[in-house]
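Basis for what follows: all heavy atoms, side chains included, without hydrogens, waters or symmetry-related copies.
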Amino acid sequence: MEVIFHEKQEGSLCAQHCLNNLLQGEYFSPVELSSIAMQLDEQERMRMAEGGVTSEDYRTFVQQPSGNMDDSGFFSIQVISDALSVWGLELTLFNSPEYRNLGIDPINEKAFICNYKEHWFTVRKLGKQWFNLNSLLTGPELISDTYLALFLAQLQQEGYSIFVVKGDLPECEADQLLQMVQVQQMQRPRLIGEDAAARDQRRVQRSEAGVEGDRLYNSSAMVDEDDDNLQKALALSRQQIDMEDEEADLRRAIQLSMQGGHQSDITEPLVSNTPQSSGNSEPEPLTSEELRQRRQAYFEKQQVKMEHLSSKGLKQTTNAQTMDSEADGASEENMLKAATNMSLDTRKQSSKSAEEN
């Protein structure tokens, strides 16, 4: 219904909006209505002065503010009536006895002006349909013929004063167009305050939805980050376990090699120190002193060998730490081979010593 002229509320200029919506155009401004109000004030002052400018009534009237307008933009019914008289239009009180006696059906009228507590608005017929052109609405409101009388009666119960507009209204495009077509309104307009509140509510809901979406996104990002940290921790743990397993295997191999050396060393002193005879005669039994001395010599010899092996193993381990993963594996294998070779050398030396003795 964009073809219908509809001024929305600005400040307290409802009288101006009421007149322009009635005439379907920007016919009056606040300046023009203020000029009419001042003319009315001057006419009233002149009438009061007829009784004497020194009278108590005149002094009281002069001291009082204007009854035709105020600083908020309100204009009285006298201002509206004088403004409409320029277009040859008159106002008649809807519920007056004179009008009731005429018995006119409201749908046969052309327009109504309604007032309640300094608020003015127009109800007008355009084409063959009635519209509520209240400036407090977001747009024109369609009123059916059957609902018009009920609508006016409801306004009267709420305390509104209703005036019937008499005379020929100026022609307008909306009236000519709606003579040919009928309007169908799917959704009734809201009050401007309710519409603003609804927009604010939608804005808050969109904002809350955006915050909730950000919260969910941040939570998901935190979960992903926690998963990444867990995977990294598991990978480091597996690497540490692998290193510990490799070190354990190396220590186990060195220990086995040393155990082999121990067994050969245990048999070596027994073989080398046992008297040999040409026949099958049994060896002479050792005295306790001789057995003690042999054990002492054996333990001293083992201590020297252990220190020698430990120093070699420490050097091999220090060199292995400066190489990459593949060099580390090769170093450990070399250490194992070195330990094995040392064990074999020890056994060979033991056998050689036994043969020389």
Side-chain angles (χ1 to χ4, degrees), residues 1-30 33 69-77 79-80 83-84 91 93-95 106-107 109-165 169 172 174-175 178 182-209:
M1 290 183 286
E2 295 182 358
V3 69
I4 299 177
F5 181 86
H6 179 252
E7 276 188 356
K8 296 182 178 62
Q9 187 72 21
E10 292 183 6
S12 299
L13 299 175
C14 52
Q16 172 194 328
H17 304 320
C18 173
L19 290 171
N20 290 339
N21 290 340
L22 172 67
L23 302 175
Q24 284 295 286
E26 297 180 356
Y27 287 86
F28 292 100
S29 67
L33 294 179
M69 67 175 181
D70 59 24
D71 295 337
S72 67
F74 168 77
F75 296 98
S76 66
I77 182 63
V79 175
I80 294 176
L84 291 177
L91 296 178
L93 191 61
F94 177 70
N95 58 351
I107 62 173
E109 298 291 356
K110 296 179 180 179
F112 299 93
I113 289 180
C114 308
N115 168 253
Y116 178 68
K117 292 184 177 180
E118 300 184 354
H119 179 64
W120 300 91
F121 71 91
T122 293
V123 178
R124 173 172 172 170
K125 189 174 188 178
L126 293 169
K128 299 178 181 180
Q129 294 175 293
W130 284 90
F131 295 92
N132 177 10
L133 303 178
N134 193 336
S135 58
L136 294 177
L137 295 176
T138 57
E141 179 184 18
L142 179 63
I143 301 176
S144 65
D145 290 348
T146 55
Y147 181 65
L148 177 63
L150 180 61
F151 178 74
L152 296 175
Q154 182 179 354
L155 291 178
Q156 285 183 314
Q157 291 180 355
E158 293 176 359
Y160 275 85
S161 299
I162 303 175
F163 300 90
V164 183
V165 180
L169 292 167
C172 63
D175 184 59
L178 294 178
Q182 295 259 330
V183 172
Q184 293 183 354
Q185 192 169 48
M186 304 303 296
Q187 185 176 2
R188 298 178 63 182
R190 298 181 181 180
L191 289 173
I192 292 177
E194 294 178 354
D195 187 64
R199 287 197 303 270
D200 293 340
Q201 182 65 23
R202 288 194 296 270
R203 190 179 300 110
V204 170
Q205 291 175 352
R206 287 195 298 268
S207 177
E208 292 177 350

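- No more than 12 heavy atoms of other residues, nucleotides or ligands sit less than 6.0 Å from atom CD of Glu10.
- Applying the side-chain contact (heavy atoms from CB on, under 4.5 Å) test to Ser72 and every residue at least two apart in sequence or in another chain returns Ser12, Asp70, Phe74.
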Stepwise side-chain contact (heavy atoms from CB on, under 4.5 Å) check, Ile113 with Ile162: CA-CA 6 Å; Ile113 289 180; Ile162 303 175; over 6 Å; no
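- Across Pro189 and Pro140, no two heavy atoms sit closer than the pair CG-O, 3.6 Å.
- Taking both residues in full, the closest heavy atoms of Leu19 and Ala83 are given as CD1-CB, 3.9 Å, listed atom of the first, atom of the second, then distance.
- At distances below 3.5 Å, at least one donor-acceptor pair connects side-chain atoms of Gln24 with backbone N or O atoms of Phe5.
- For the pair Tyr160 and Asn95, the minimum side-chain heavy-atom distance is 4.5 Å or more.
- With sequence neighbours excluded, the residues that form a side-chain contact (heavy atoms from CB on, under 4.5 Å) with Ser161 are Phe163.
- Side chain of Asn21 to backbone of Leu133: a donor-acceptor contact under 3.5 angstrom is found.
- Scanning for side-chain contact (heavy atoms from CB on, under 4.5 Å) contacts around Gln157 gives an empty result, with sequence neighbours left out.
- For Gln182, the side-chain contact (heavy atoms from CB on, under 4.5 Å) partners are Lys128, Gln129, not counting sequence neighbours.
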What do the steps show when you test Asn132 against Phe151 for side-chain contact (heavy atoms from CB on, under 4.5 Å), and what is the final call? CA-CA 10 Å; Asn132 177 10; Phe151 178 74; 3.9 Å; yes
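- The side chain to side chain donor-acceptor pair (under 3.5 Å) test applied to Gln9 returns Ser135, not counting sequence neighbours.
- Sorted by first and then second residue, the side-chain hydrogen bond (donor to acceptor under 3.5 Å, both in side chains) pairs involving residues 111-126 (not counting sequence neighbours) are His119-Asn134.
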Please report the C-alpha distance between Leu23 and Phe28 in whole Å, then the side-chain angles of each, then the deciding distance to 0.1 Å, and finally whether the side-chain contact (heavy atoms from CB on, under 4.5 Å) criterion is met. CA-CA 10 Å; Leu23 302 175; Phe28 292 100; 3.7 Å; yes
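- Scored by the side chain to side chain donor-acceptor pair (under 3.5 Å) test, Asn20 finds Glu7 as partners (sequence neighbours excluded).
- Residues satisfying the salt bridge (charged side-chain N to carboxylate O under 4.0 Å, His left out) test with Lys110, not counting sequence neighbours, are Asp168.
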Could you go step by step and tell me if Cys172 and Leu126 meet the side-chain contact (heavy atoms from CB on, under 4.5 Å) rule? CA-CA 9 Å; Cys172 63; Leu126 293 169; 4.1 Å; yes
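- If you take CD1 on Ile143 and CD on Gln185, they are separated by 9.5 Å, rounding to the nearest 0.5 Å.
- Looking at Ile192 and Leu137, their side chains never come closer than 4.5 Å, going by heavy atoms from C-beta outward.
- For the pair Leu13/Leu33, no side-chain contact is recorded, criterion being any heavy-atom separation below 4.5 Å from C-beta on.
- Atom CD of Glu158 has more than 12 neighbouring heavy atoms from other residues, nucleotides or ligands inside a 6.0 Å radius.
- Separation of atoms CD (Gln187) and OG1 (Thr138) is listed at 8.5 Å; rounding is to 0.5 Å.
- Residues that satisfy the ring pair (Phe, Tyr, Trp, His ring centres under 6.0 Å) test with Phe112, not counting sequence neighbours, are Phe94, Trp130.
- Looking only at side-chain heavy atoms (C-beta outward), Phe131 and Leu142 come within less than 4.5 Å of each other.
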